[in-house]
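The structure appears right after this line, and notes come after that.
Whatever order the structure lists them in is the order used to number ligands and atoms, beginning at 1.
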Amino acid sequence: MDNKPIWIKHAAQLATIAGGTAPRIREGMSDLGLIEDGSVWMEDGKIRAVGTTAELEERYAERAGEAEIVDASGRLVTPGLIDPHTHVVYGGSREKEFEMRLEGATYMEIMNAGGGIHATARMTREATEEELFEQSARRLDSFLAHGVTTVEGKSGYGMDLETELKQLRVAKELNERHPVDLVPTFMGAHAVPLDYKGREEEFVDLLIKEMLPAVAGEGLAVFNDVFCEVGVFTPGQSKRILEAGKEHGLVPKIHADEIEPYGGAELAAEVGAISAEHLLKASDEGIEKMAAAGTIACLLPATALYLREEAARGRAMIDAGVPVAVSTDCNPGSSPTTSMPLVMNLACISMRMTPAEALVAATLNAACAIDMQDKVGSVEEGKQADLVMWDVKNYQELQYLFGVNHVEKVWKKGEQVVG
Ligand code: IZC
Ligand code: ZN
């Protein structure tokens, strides 16, 4: 890249979230590293300098004429948001199930009747790679428009090797061709396929003996995730699958205690998962174990709202010393949204996180949940130049004016991609 440097000046507030790459806990989640009249110099896709406008004017006195200047007066500037839990690559949609749930059916009833994840799996199997790419790229465009510059993306709408590989290859191509960085997770253990009903252990064997080695062999995933839930995979099965993934170098993640308390939080700590997801029904003991193990709680308040469930106990988790991240859970069933700003609003409203904690949960801690903290998640020298300028004057206003997209400009690897 030999583009002109970009120089952001006079940000009313620059939230750097600078200071190390460890996940933030407790009071650390309130430290935004704020700079008033903030300034950032980006060049060759990287952040080269961060400080007050006066500091950078001194440092770049001789090169001032080279840069494209962005006046951020009256605006908040933050790192690009990071969504650490999505099912962004899928075929079709499930709007009829939304209507069915409003008429009284539950998420699990729909799934057990062959809908839900099984319905998306059918539509994903039918879609060509090109169709999956196009449909998913549009969702990534929407993420970007909402200030999200990095997402994690799971497979799990195949539950057969061919379709799982197809989803992961599409994810790889999206990562290469779309501005948003996409970090891939294998989630063959998303549901037990309908033709394995009563033969669940056989499916677990298939996952361990055939699917995991093939996915890892092609280098198509970084993480291995399991839907550990009553009626899906038991804690014992989940443990086997996650331990087997580790042998192939895949780091465990786990959908835990979403619908019923099931020991998922405890299991996450036990297997050394990088993060545990959902946790609506996590036990006190599970929360304590996660705090002791340093497992990141990846909380999904939009899903709770969409399923009309009580949100996870985000406040209690932070107070117990668990590092908390937040995510959309973008998926066609329980959370068809790409709005991380809405998720931050809901982190405050339904989980009593503070505006500052919500921002850390959507940036640095989210980066840590997908092992991307060395590259993204804060505004610091040497990191990727992934930045958002918001049409609000401070971070409190970002969380307070809710349900609205305040994004004004987005830069990805130093290139303006929105605004
Ligand atoms: O497609 O319903 N919870 N997996 C576990 C999901 C929601 C995604 C879906
Ligand atoms: Zn999920």
Side-chain angles (χ1 to χ4, degrees), residues 83-98 100-101 105-125 127 132 135-136 139 151-159 163-164 167 171 183-194 221 223-233 238 241 252-260 262 264 268 273-282 296-309 311-312 325-338 340 343 366 369-370:
D83 192 335
H85 177 146
T86 86
H87 305 254
V88 66
V89 180
Y90 63 82
S93 73
R94 289 174 14 214
E95 65 283 355
K96 299 250 163 52
E97 292 181 8
F98 177 61
M100 284 162 73
R101 279 200 306 277
T106 68
Y107 177 85
M108 275 299 170
E109 281 165 3
I110 293 169
M111 175 165 160
N112 290 334
I117 293 168
H118 302 296
T120 299
R122 282 191 294 275
M123 293 183 270
T124 304
R125 283 185 205 121
L132 275 183
Q135 194 183 342
S136 308
R139 284 189 280 275
V151 307
E152 181 259 17
K154 303 174 197 297
S155 70
Y157 290 128
M159 295 101 73
T163 316
E164 292 291 317
Q167 264 191 286
V183 180
T185 295
F186 173 61
M187 198 176 178
H190 196 188
V192 178
L194 295 170
F223 303 103
N224 180 31
D225 197 343
V226 178
F227 191 9
C228 178
E229 189 64 54
V230 175
V232 192
F233 293 95
S238 302
I241 296 162
K253 280 182 173 279
I254 175 168
H255 282 57
D257 305 317
E258 176 184 357
I259 293 161
E260 308 218 26
Y262 206 22
I274 190 166
S275 65
E277 330 289 306
H278 289 288
L279 300 167
L280 270 58
K281 307 284 162 62
I296 297 171
C298 185
L299 305 181
L300 316 164
T303 309
L305 176 73
Y306 207 71
L307 295 180
R308 292 178 297 117
E309 295 281 345
V326 293
S327 156
T328 61
D329 192 19
C330 173
N331 77 73
S334 58
S335 190
T337 182
T338 47
M340 279 295 283
V343 166
I370 52 172

- Candidate pair Ile117 and Tyr90, rule side chain to side chain contact (heavy atoms under 4.5 Å, CB included), full reasoning: CA-CA 10 Å; Ile117 293 168; Tyr90 63 82; over 6 Å; no
At the 4.0 Å heavy-atom cut-off, does [X] count as touching ligand 1?
X      : answer
Tyr90  : no
Met111 : no
Ser334 : yes
Ile117 : yes
Glu258 : yes

- Query: Parallel, tilted or perpendicular: which describes the rings of His255 and His190, with under 30° parallel and over 60° perpendicular?
  - Reply: tilted
- Strictly by modelled atom types, are Thr185 and Asp225 linked by a side-chain donor-acceptor pair under 3.5 Å? no
- Message: Check whether Glu229 reaches the backbone of Glu258 with its side chain - one donor and one acceptor, N or O, closer than 3.5 Å.
- Response: yes
- Task: Give a yes or no on whether the backbone of His87 and the side-chain of Asn331 come within a donor-acceptor separation of less than 3.5 Å.
- Result: no
Report yes if [X] has an N/O atom closer than 3.5 Å to an N/O atom of ligand 1; otherwise report no.
X      : result
Arg94  : yes
His190 : yes
Tyr157 : yes

- Note on the structure: For Ala302, the side-chain contact (heavy atoms from CB on, under 4.5 Å) test, sequence neighbours excluded, returns Ser335, Thr337, Val343, Leu346
- Task: Using a strict cut-off of 4.0 Å, indicate which atoms of ligand 1 neighbour a heavy atom of Tyr107.
- Result: 2 (O), 3 (N), 4 (N), 5 (C), 6 (C), 7 (C), 8 (C), 9 (C)
- Task: Would you mind running through ligand 1 and noting each atom that sits below 4.0 Å from a heavy atom of Asn331?
- Result: 1 (O), 2 (O), 8 (C), 9 (C)
- Inter-residue atom distance Arg122.CZ - Thr124.OG1, 0.5 Å rounding: 10.5 Å
- Residues Glu309 and Lys281 bridged, charged N to O under 4.0 Å: yes
- Message: Restricting to salt bridge (Lys or Arg N to Asp or Glu O under 4.0 Å), what partner residues turn up for Arg94, sequence neighbours left out?
- Response: Glu97
- Item | Worked check of side chain to side chain donor-acceptor pair (under 3.5 Å) between Arg101 and Tyr306 | CA-CA 10 Å; Arg101 279 200 306 277; Tyr306 207 71; 5.0 Å; no
Listed pairs under 3.5 Å, donor-acceptor, residues 109-116 side chains, sequence neighbours left out:
residue, atom, partner, partner atom, Å
Glu109, OE1, Thr106, N, 3.1
Asn112, ND2, Met108, O, 3.2

- Query: Going by chain and residue number, what protein N/O/S atoms come nearer than 2.8 Å to the Zn ion (ligand 2)?
  - Reply: His85 NE2, His87 NE2, His255 NE2, Asp329 OD1
